[in-house]
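To keep things clear, I will list the structure first and then write my remarks on it.
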Amino acid sequence: MPLAVMFQAIEGKEGDMAKSSTVRSERREAARAALDRYRVECERLRAYALAIQHADSVLVSVTAQYDEMGGGGVAGDSIGRGIASLYESGERFRDAAAEAFASMRSVEKAVAGAASASPDAGVVLSMRYLNPFRSVGLAEIAERIGKSEDRAQHLHLDGLDLVADQLCRFDDDGI
């Protein structure tokens with residue numbers, strides 16, 4: 001579900017105090033889901049980069065074979081179709097990589113916006129979500145930043161609220 005639709009559905013529930021708490025929880029969960037996708041997008045981007053590299057390598061090799069053959073005959077036609085297919089595959093991988101990169105960039109912008117409002121919350125979010133290889137637990141983050149685990153948890157929740165605000169703003173602005 002697009003973020004704009006998700007946040008609009010959540011925002012439509014605002015009202016009394018009980019609803020406000022539910023809305024806050026839902027906004028935090030939506031922000032957490034967007035942040036969790038960052039690592040997935042990193043993996044996708046790595047996979048696309050490898051696929052592009054492989055397609056480009058094969059394309060160079062097959063193009064050289066085609067040139068050696070002079071491009072004629074049944075074999076030449078087959079190689080020509082292979083070249084076209086490889087080129088199209090490379091373009092599809094590049095488009096998909098651009099989408100993954102854009103998704104990652106929107107998360108990075110949201111965390112940067114949160115960090116400008118609360119630098120400590122930004123550090124917690126960056127350590128927890130923007131590490132492309134693993135999620136860092138709040139206990140480890142607290143130890144690294146010299147705060148209690150409860151304080152790190154509080155900063156994490158504040159950061160999720162700030163990211164939710166940023167993502168809503170991005171959707172409203174078309175960013």
Do the non-hydrogen side-chain atoms of [X] and [Y] ever get within less than 4.5 Å of each other?
X	Y	result
Arg44	Ser103	no
Val107	Tyr129	no
Arg105	Glu108	yes
Leu45	Phe101	yes
Lys109	Gln166	no

Spell out, as yes or no, whether a donor-acceptor pair under 3.5 Å connects the side chain of [X] to the backbone of [Y].
X	Y	result
Thr63	Leu59	yes
Ser89	Ser85	yes
Arg144	Glu140	no
Ser126	Gly122	yes
Ser116	Gly113	yes
Arg39	Asn131	yes

Parallel under 30°, tilted from 30 to 60°, perpendicular over 60°: which one fits the rings of Tyr48 and Phe93?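 Rings of Tyr48 and Phe93: tilted, as their planes differ by 30° to 60°.
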Joint hydrophobic cluster, Val163 plus Tyr38, side-chain heavy atoms closer than 4.5 Å: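 They do share one cluster, since a chain of ILVMFWY contacts under 4.5 Å joins Val163 to Tyr38.
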Please go through Leu138's hydrophobic cluster and name the other residues, only I, L, V, M, F, W, Y counting, with side-chain heavy atoms under 4.5 Å joining them.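 Noted: Leu138 shares its cluster with Val123, Val124, Met127, Val136, Ile141, Ile145, Leu155.
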Mind listing the closest non-hydrogen atom pair of [X] and [Y] along with its distance?
X	Y	result
Pro132	Glu43	O-OE2, 4.2 Å
Leu167	Ser106	CD2-O, 4.4 Å
Leu160	Ala31	O-CB, 3.5 Å
Gly137	Arg128	CA-NH1, 3.6 Å

Are any of the side-chain nitrogens in [X] or [Y] under 4.0 Å away from the carboxylate oxygens of its partner?
X	Y	answer
Arg94	Asp56	yes
Lys147	Asp120	yes
Arg28	Asp161	yes

Would you say His154 and Asp158 are linked by a side-chain donor-acceptor pair, where the criterion is simply a distance under 3.5 Å?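 There is such a pair between these side chains.
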Between atom CG of Asp36 and atom CZ of Arg32, what is the distance when rounded to the nearest 0.5 Å? 7.5 Å
